[in-house]
*Asks:* 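Sending over a structure as structure tokens; questions will come in a sec.
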Amino acid sequence: MKNNHRFRRVATAALAASLLVGGLAACSGSGTPASAGAEGASAEDIAKALDTETTLTVWGWAPQLEPIVKAFEAKYPKVHVNLENVGTGNAHYTKLQNAVKAGSGAPDVAQIEYNALPQFALSEALVDLKEFGAEELKDNYTESTWGSVNLNGGVYALPQDSGPMAMFYRADVFEKHGISVPTTWDEYVEAGKKLHAADPKAYITSDTGDAGFTTSMIWQAGGKPYTLDGSTKVAVDLQDEGARKWTGTWNQLLKNDLLSPVTSWSDEWYKGLSDGSIATLIIGAWMPANLESGAAGASGQWRVAPMPTYEKGAAATAENGGGGDAVLKQSKNKAAAYGFLQFANGPEGAKIHAANGGFPSTKADLESESFLNAENAYFGGQKINEVLVQASKDVVPGWSYLPFQTYANSIYSDTVGQAYGSKGDLNDGLKAWQDATAKYGQQQGFTVTTK
């Protein structure tokens, strides 16, 4: 599990704008994206395609894709797969959208994060996999990951990875300062105060402002800030009860200087994770491999516990990161491409994915005794998957992203980020983010309402 497997959530405003150029015009009058029509195929057609000399191009960055492709080619020797890593985040989506706009050059299959998927589905760049009977696979995946690919009545990817959130914490730091593992957010704030008072160089966590983290925290609090009615009507409410719950907690940490000012994923951040000056991380289930590789010196000191909640004993969490694999409409080999998706994100591929450090989205793998009972030496021999699998079951249902989430995330630093910088009220930052997001959506032709 040494692979760095973090789904990045960074993109630029220019990318977001390019994703939507012509997107609304491409939508059908009914508000439902056009289906693949005659491109659909039966199980027999898919089997035939996989037994025909074919070359597929797959764009993706997940390191688990390499062994998955190798196993797929061994099983289907007539299908050759060109696996290309064209970048992550901005680089990947820019190249993909440029190919979509040009009408050529797109791969057969592309890895796409859940928060970016609505934009490509909206612009009709992707095949509706219901044409291949994908809706029958619903029960194979967790509710949250299936909900992320089931958009506006269509299925636009098969889930690959998932990121149910949990609390990763330094057991040695907590023991040293006599701090109990917090189970509620009130306890978490008190733990932060006690830790920083005992050691001014130590912080309960680090957070300088991140759009993906913020939306995940609002999700866990029961917020539903984004709703989509059809393909053109959007509602944005970053002042709902869930958002207020989160800011009620996080404002206390921010204003009392209880958050480490270290930027996530920097060398300094990994140093803090190694030396214990950053005592917890509230983050997705894909984090263990990153800790093992980036904070190797802290081996044996980290543990995993359920995410703190607002009501004691009421388990609730959210997804943080993750994505799936989609078939592009430009593909000349859609049946074979879908066959690859079935393998990569089905029982065989999912086992390879998990064995190489990925966190599954498939129920069968999450319920596997061998997966649940695996002892992780880095985490002091703890069976961390027991905690993480339970987290996948406790994800609050009903979340959705904007059809222009990439743009919304790109302006986060100019809105909520300013509140972090000034240690101001995060509610003011969320309101500014809401207004700027709504303005952009209206400029792109959406009907946007706010509260």
Side-chain angles (χ1 to χ4, degrees), residues 7-9 19 23 32-36 39-41 46 56-62 64-65 68-69 72 81 83 86 88-89 92-93 96-97 99-100 106-163 228 231 286 319 321-331 333-346 349-350 353 358-363 399-403 405-406:
F7 281 101
R8 302 179 186 274
R9 300 179 293 277
L19 282 168
T32 301
S35 70
E39 298 295 347
I46 295 168
L56 295 175
T57 297
V58 176
W59 286 2
W61 62 87
Q64 293 84 1
L65 282 172
I68 287 173
V69 165
F72 174 80
V81 178
L83 178 61
V86 299
T88 58
H92 177 88
Y93 296 130
L96 185 60
Q97 185 58 31
V100 170
D108 297 283
V109 172
Q111 182 181 0
I112 301 176
E113 293 163 279
Y114 297 132
N115 63 10
L117 191 64
Q119 297 185 174
F120 285 96
L122 178 68
S123 62
E124 297 195 344
L126 311 178
V127 172
D128 182 351
L129 302 180
K130 289 177 72 174
E131 294 293 324
F132 298 99
E135 70 273 17
E136 296 177 5
L137 302 176
K138 176 182 177 179
D139 291 340
N140 293 352
Y141 300 95
T142 62
E143 182 179 348
S144 58
T145 57
W146 187 258
S148 294
V149 302
N150 184 8
L151 306 169
N152 213 26
V155 178
Y156 292 96
L158 290 186
Q160 179 186 77
D161 206 357
S162 63
L228 180 64
S231 59
W286 38 261
E319 292 280 349
D325 298 312
V327 176
L328 276 292
K329 280 199 171 181
Q330 283 186 27
S331 174
N333 303 296
K334 293 182 177 65
Y338 181 70
F340 175 79
L341 258 63
Q342 286 184 305
F343 180 91
N345 302 294
H353 182 262
F359 192 78
S361 59
T362 44
K363 292 179 182 178
W399 178 266
S400 62
Y401 287 108
L402 289 169
Q405 192 70 46
T406 303

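Heavy atoms only: backbone and side chains are in, while hydrogens, waters and symmetry mates are out. The structure presented is a predicted model; accordingly, all values stated were derived computationally and were not measured.
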*Asks:* Rounded to the nearest 0.5 Å, what's the gap from CZ on Phe72 to CD on Gln342? Could you check?
*Replies:* 10.0 Å
*Asks:* Distance check, rounded to the nearest 0.5 Å: Leu158 atom CG versus Leu341 atom CG?
*Replies:* 4.5 Å
*Asks:* Could you tell me if the ring centre of Tyr401 sits under 6.0 Å from that of Tyr114?
*Replies:* no
*Asks:* Looking at every non-hydrogen atom in both residues, tell me the closest pair between Trp61 and Gln111 and how far apart they are.
*Replies:* N-OE1, 2.9 Å
*Asks:* Between Asn140 and Trp146, is there a side-chain heavy-atom distance shorter than 4.5 Å?
*Replies:* no
*Asks:* Looking at Ala41, is its backbone amide N or carbonyl O close enough to the side chain of Lys334 to form a donor-acceptor pair, meaning the two atoms are under 3.5 Å apart?
*Replies:* no
*Asks:* Could you pull out the closest heavy-atom pair between Ala125 and Leu328, with the gap in Å?
*Replies:* O-CD1, 3.4 Å
*Asks:* Please round to the nearest 0.5 Å and tell me the distance separating atom OG of Ser148 and atom CD of Glu143.
*Replies:* 10.5 Å
*Asks:* If every non-hydrogen atom of Lys329 is compared with every non-hydrogen atom of Glu124, which pair is closest and at what distance?
*Replies:* CD-O, 3.4 Å
*Asks:* Got a donor-acceptor contact below 3.5 angstrom from the Asn150 side chain to the Val155 backbone?
*Replies:* no
*Asks:* Under a 3.5 Å threshold, yes or no: a donor from one side chain and an acceptor from the other, between Asp325 and Gln160?
*Replies:* yes
*Asks:* Is any side-chain heavy atom of Leu56 closer than 4.5 Å to a side-chain heavy atom of Val109?
*Replies:* no
*Asks:* For Thr57 versus Pro107, what's the shortest heavy-atom pair and its separation?
*Replies:* O-CB, 3.5 Å
*Asks:* Tell me whether Glu319 contacts the main-chain N or O of Ser162 through its side chain, where contact means a donor paired with an acceptor under 3.5 Å.
*Replies:* no
*Asks:* Of all residues at least two apart in sequence or in a different chain, which pass the side-chain hydrogen bond (donor to acceptor under 3.5 Å, both in side chains) check with Asp108?
*Replies:* Ser331
*Asks:* Given 3.5 Å as the limit, does a donor-acceptor pair link the side chain of Asp161 with the main chain of Phe359, or not?
*Replies:* yes
*Asks:* In the structure I gave you, are the side-chain heavy atoms of Phe132 and Val127 within less than 4.5 Å of one another anywhere?
*Replies:* yes
*Asks:* Quick one: are Leu129 and Val149 in side-chain contact, heavy atoms under 4.5 Å?
*Replies:* no
*Asks:* Tell me the closest heavy-atom pair linking Ile68 and Phe343, and the distance in Å.
*Replies:* O-CE2, 3.6 Å
*Asks:* Side chains of Phe120 and Ile112: does their closest heavy-atom pair fall under 4.5 Å?
*Replies:* yes
*Asks:* With a 4.5 Å cut-off on side-chain heavy atoms, are Leu228 and Pro403 touching?
*Replies:* yes
*Asks:* Decide yes or no for Asn345 and Phe340: does some side-chain heavy atom of the first lie under 4.5 Å from some side-chain heavy atom of the second?
*Replies:* no
*Asks:* Which pair of non-hydrogen atoms, one from Trp286 and one from Gly321, has the smallest distance, and what is that distance?
*Replies:* NE1-CA, 4.1 Å
